[in-house]
Amino acid sequence: MSNILKIFSSAPWSAKFGMVVILFYAIISIFAPFIAPYGETELLGRAYELWSDKYLLGTDNLGRDMLSRLIYGARNTIGLALSITLIAFVLGSLTGMIAAALGGWVDQILSRIVDVLMSIPSLIFALLILSIFGTAMPYLIGTIAILDATRVFRLARATAMNVAVMDYVEVARLRGEKLGWIIRKEILPNITAPLLAEFGLRFCFVFLFISALSFLGLGIQPPTADWGSMVRDNATLIAFDDITPLLPAGAIALLTVAMNFVVDWMLHKSSGLKDVS
Amino acid sequence: MLVDSNKNSNKEISATLLEVKGLRIEGLSEKGWQEIVCGVDLKLKRGEILGLIGESGAGKSTIGLAAMGFARDGCRITAGEIIFDGIDLRSATENEKRKLRGTRISYVAQSAAAAFNPAHRLLDQFAEGPIDHGVMSRSEAKEKGRALYRSLDLPDPDNIGERWPHQVSGGQLQRMMVAMAMSCGPDLIVFDEPTTALDVTTQIEVLKTIKEIVVDRNVAAIYITHDLAVVAQLADHLMVLRYGNLIEVNSTGQILEAPKQEYTRALLDARTRHEKTTAEIPNPEILLSIDKITAGYGNGPDILQEVSVSVERGRTVAVVGESGSGKSTLARVITGLLPPRSGEIRFQTDLLPAALAQRTKQQLQKTQMIYQLPDVALNPRQHVRDVIGRPLSFYLGLRGKEKERRIIELLEQIELSEKYIDRLPDELSGGEKQRVCIARALAAEPELIVCDEVTSALDTIVAKAILDLLQKLQHELQLTYLFISHDLDTVASIADRVVVLYAGRVAEQGPKSAVFQPPFHPYTRLLLSSVPEMKQGWLEKTLATREAKAGIAREVKITERGCPFAERCPEAIPEICSNERPPIQTPASGHIFACQHSPEVLSK
């Protein structure tokens with residue numbers, strides 16, 4: 001515990017801010033049912049009620065409490081984005097490292113598959129798949145994860161290539177080590193820094209992508225609360241000088257900024273650059 | 001204006017150009033700011049070369065850069081004066097210093113390959129400085145570049161500047177960097193280990209260029225190196241440094257003849273050749289035999305052509321040659337990384353499968369390798385415990401306490417203590433890293449260790465300690481070494497048998513005594529004469545020899561016909577050598593020699 005505090009106190013203000021914000025989001029999404037004043041899908045009052053003591057942020061187009069939906073939305077959207085990013089990373093970095101470590105035809109086949117996937121605009125690709133298979137959660141997760149894995153593959157392969165030519169990897173090969181060991185022990189520890197940085201970025205993109213899909217009606221389906229569709233459903237309010245629909249958008253933006261602050265700091269730390277001024 | 005003032009100041013030849021007084025520099029480490037240069041004074045006149053010498057960490061480069069009024073990131077100049085031609089560099093503004101650098105003071109870095117931008121043509125990079133400083137127009141700068149290339153004897157001086165950095169050889173690149181430093185006609189040049197990464201023959205070519213420039217153009221120079229023999233050829237004065245302290249300063253002759261300090265003597269001693277005497281081994285067993293190996297990469301030419309070498313158990317066989325001669329390719333063939341196109345490799349009596357994947361664990365265990373650059377041979381994320389421990393558990397199945405005990409035993413064997421066990425490679429010095437690499441090789445309990453240029457990246461004193469360690473281990477464990485090197489001094493001190501490789505063919509091989517004594521193969525003679533000797537005037541004497549005139553400043557080329565060395569050979573017979581394969585001769589048993597001339601002719 002004291003160790004964590006020590007790392008925290010040595011961080012620059014931007015990273016501290018980022019960590020506090022991420023912690024805040026984490027608490028909100030884990031304890032959503034206890035924090036939210038009303039239920040996620042409860043119909044409470046009239047549509048588009050103004051901010052009041054009863055409904056702190058007013059109600060939405062169906063008369064549901066905005067604050068409660070914002071809190072549940074954190075849970076749904078972050079949970080989904082996190083699981084998609086994790087799957088994309090496991091898939092992308094593993095195949096990327098395999099391609100780099102083996103080279104030859106394995107690399108050729110994997111890279112060409114990725115090229116094909118990347119050549120289709122991702123939004124079109126997602127729309128296509130989701131309209132064929134429907135918008136059930138597993139398909140949503142699978143589609144976005146595969147799309148994102150292609151980007152992770154590219155990065156993992158490129159960075160792993162630089163490591164794979166190092167003499168210490170040659171030493172491991174000469175020792176007779178298997179592929180698994182070379183990837184796990186020799187390559188992975190040396191490419192974690194760029195992968196982590198990419199993780200932060202990717203997570204934000206996934207977030208935005210889910211929101212975009214929800215906005216188009218193909219993402220998380222109603223009545224489940226989700227920030228993207230909340231913007232869409234209440235967008236009309238902006239015409240009446242009400243900033244409520246911007247709150248979910250702001251929540252997305254804040255998390256993105258916080259995430260990137262932390263990632264920047266981690267990158268800086270692992271790159272071993274010295275601050276001199 | 002700048003050019004004019006240059007000419008005026010050139011007249012006062014004897015005046016002091018650079019004066020540094022009480023220079024103190026601090027560096028930032030994990031423990032905060034620590035002094036890395038502790039009060040150094042120096043004075044330099046025009047036409048003089050000052051040699052800064054010491055091991056890594058001595059503060060040589062830091063002082064060299066400070067002479068330009070510059071401190072690297074993580075360093076700061078805390079005290080002292082730096083006066084360059086009447087200008088106080090410490091109080092000068094950044095802009096004033098910028099005007100001086102590149103025009104009146106310039107810098108030549110260790111690795112030309114890393115210092116040139118690979119995306120620009122050489123002449124454009126040459127012209128960058130003069131144009132940027134407003135000294136010359138583009139066409140003037142290019143004209144000046146061609147003139148400098150011509151005066152430095154670069155091949156095809158009118159067009160070489162249009163090439164890209166990767167299209168010229170390492171030595172040529174380093175010379176072009178010297179030319180670049182000369183572009184604005186500077187008064188002071190700082191050379192930071194400009195020949196450390198080069199072959200002996202290439203080194204001579206660069207040294208010659210530097211000497212010419214400093215003497216002919218009357219500039220002052222600071223020459224930073226860890227190699228006393230190299231700097232002895234150039235410098236008028238030497239400063240010996242250690243841990244940022246001045247150990248000894250004197251004229252070059254005095255330092256070489258009568259060093260006053262213990263440390264200077266140690267430096268001199270590390271560079272002095274101590275020949276190993278080969279003890280007789282009754283009934284020698286052939287451990288490794290390589291028979292008529294031909295190998296190459298992809299669809300490229302044969303890098304190795306019918307190379308045969310055999311290694312006796314308990315002996316050290318050295319493979320020598322310049323870069324491009326195929327030494328490292330031979331190592332890759334032996335270890336199985338590059339399956340040969342033809343020929344076979346036998347370990348004891350077993351035929352080794354050509355490809356790595358087909359070799360058994362036991363076969364792999366018997367041959368281990370130590371690399372040139374310990375920095376990239378150690379995984380930066382693995383602790384010493386894991387580095388040495390892995391072969392123990394992988395080959396020998398050791399676990400837990402037993403493994404721990406063996407790791408400590410190995411650490412003691414390589415003369416490091418137990419406390420190194422939890423360190424990361426970053427926390428080790430260059431020499432310590434190489435020791436850990438040796439321990440990793442030993443952990444597998446091998447019979448043969450392939451050493452690929454293991455000392456060429458290390459300082460002289462550290463390198464000598466590593467060689468001593470390798471010899472000690474050979475005695476204790478009856479190890480066999482295949483020792484790849486371009487440094488004949490190193491080879492002389494460790495090898496029993498020498499294989500001289502040129503353009504993928506064996507030029508000569510035999511017991512060390514036969515190879516290193518007349519009659520010489522012309523290529524062996526060139527290599528031997530290129531090793532700097534620890535005395536002044538050696539460079540001039542060597543450059544005057546026939547070998548040097550014919551062989552220096554050329555690169556290794558692989559040829560299909562004739563003798564590949566023909567065009568660099570002072571003894572070449574016109575028409576015959578470039579067309580006919582040299583006959584293989586065996587003047588004595590075990591001594592093989594590929595040349596048109598008979599040994600009797602060559603011994604003259």
Side-chain angles (χ1 to χ4, degrees), chain A residues 3 6-7 9-10 12 93 97-98 100-108 156 159-197 266-277, chain B residues 26-30 33 71-76 328 331-332 334-338 355-383 386-387 390-395 424-426 433 436-437 440-441 443-444 446 450 452:
Chain A
N3 214 350
K6 214 167 132 194
I7 292 172
S9 63
S10 73
S93 51
M97 285 189 289
I98 290 174
L102 288 178
W105 60 269
V106 179
D107 182 24
Q108 283 297 325
T159 47
M161 284 264 197
N162 289 336
V163 177
V165 295
M166 290 291 179
D167 287 345
Y168 54 80
V169 179
E170 195 176 298
V171 171
R173 282 185 215 274
L174 288 178
R175 199 188 301 139
E177 298 286 3
K178 300 269 181 317
L179 181 65
W181 169 280
I182 290 176
I183 286 179
R184 207 159 35 91
K185 295 281 181 168
E186 308 288 347
I187 296 180
L188 186 60
N190 289 295
I191 65 168
T192 15
L195 280 182
L196 251 162
M266 284 170 130
L267 258 189
H268 191 80
K269 247 179 69 141
S270 68
S271 71
L273 294 175
K274 280 180 188 161
D275 279 307
V276 181
S277 49
Chain B
E26 289 185 346
L28 186 63
S29 69
E30 273 159 27
W33 290 97
R72 278 191 195 136
D73 279 355
C75 291
R76 61 180 185 194
S328 295
R332 294 179 71 84
I334 294 169
T335 51
L337 286 168
L338 180 75
L356 183 63
Q358 274 128 36
R359 296 192 183 173
T360 64
K361 211 166 169 179
Q362 284 71 30
Q363 285 170 335
L364 293 175
Q365 185 187 353
K366 285 179 187 163
T367 309
Q368 292 292 314
M369 192 150 171
I370 307 172
Y371 289 80
Q372 177 175 13
L373 302 171
D375 293 297
V376 290
L378 291 175
N379 191 332
R381 307 279 165 170
Q382 281 176 7
H383 294 267
D386 305 318
V387 171
R390 180 60 187 171
L392 292 175
S393 47
F394 187 77
Y395 290 126
L424 283 171
D426 270 356
K433 281 181 204 166
V436 171
C437 290
R440 173 173 62 191
V450 178
D452 190 357

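Residue numbering restarts at 1 for every chain, and letters A, B, ... go by the order of the sequence lines.
- Between the side chains of A/Y168 and B/Q382, no donor-acceptor pair is found at a separation under 3.5 Å.
- Taking all atoms of both residues into account, the shortest heavy-atom contact from A/E177 to B/F394 is OE1-CE1, 3.5 Å.
- One distance of note links CD of B/Q365 with CZ of A/R175; it measures 12.0 Å at 0.5 Å rounding.
- Of the listed residues B/V387, B/D375, B/L373, B/T335, the one with more heavy-atom pairs under 4.5 angstrom with chain A than any other is B/T335.
- When all heavy atoms are compared, the tightest approach of B/N379 to A/K185 is ND2-O, 3.3 Å.
- Between chain A and the options B/A357, B/A444, B/P380, B/C437, heavy-atom pairs under 4.5 Å are most frequent for B/P380.
- Note that CG of B/L356 and CG of A/L174 are 6.0 Å apart. Values are rounded to the nearest 0.5 Å.
- A distance of 7.5 Å separates CG in A/D167 from CE in B/M369, rounded to the nearest 0.5 Å.
- Of the candidates B/R390, B/Q368, B/R440, B/R440 is the only one forming a side chain to side chain contact (heavy atoms under 4.5 Å, CB included) with A/V171.
- Within 6.0 Å of atom NZ in B/K361, more than 12 heavy atoms from other residues, nucleotides or ligands are found, so the atom counts as buried in its surroundings.
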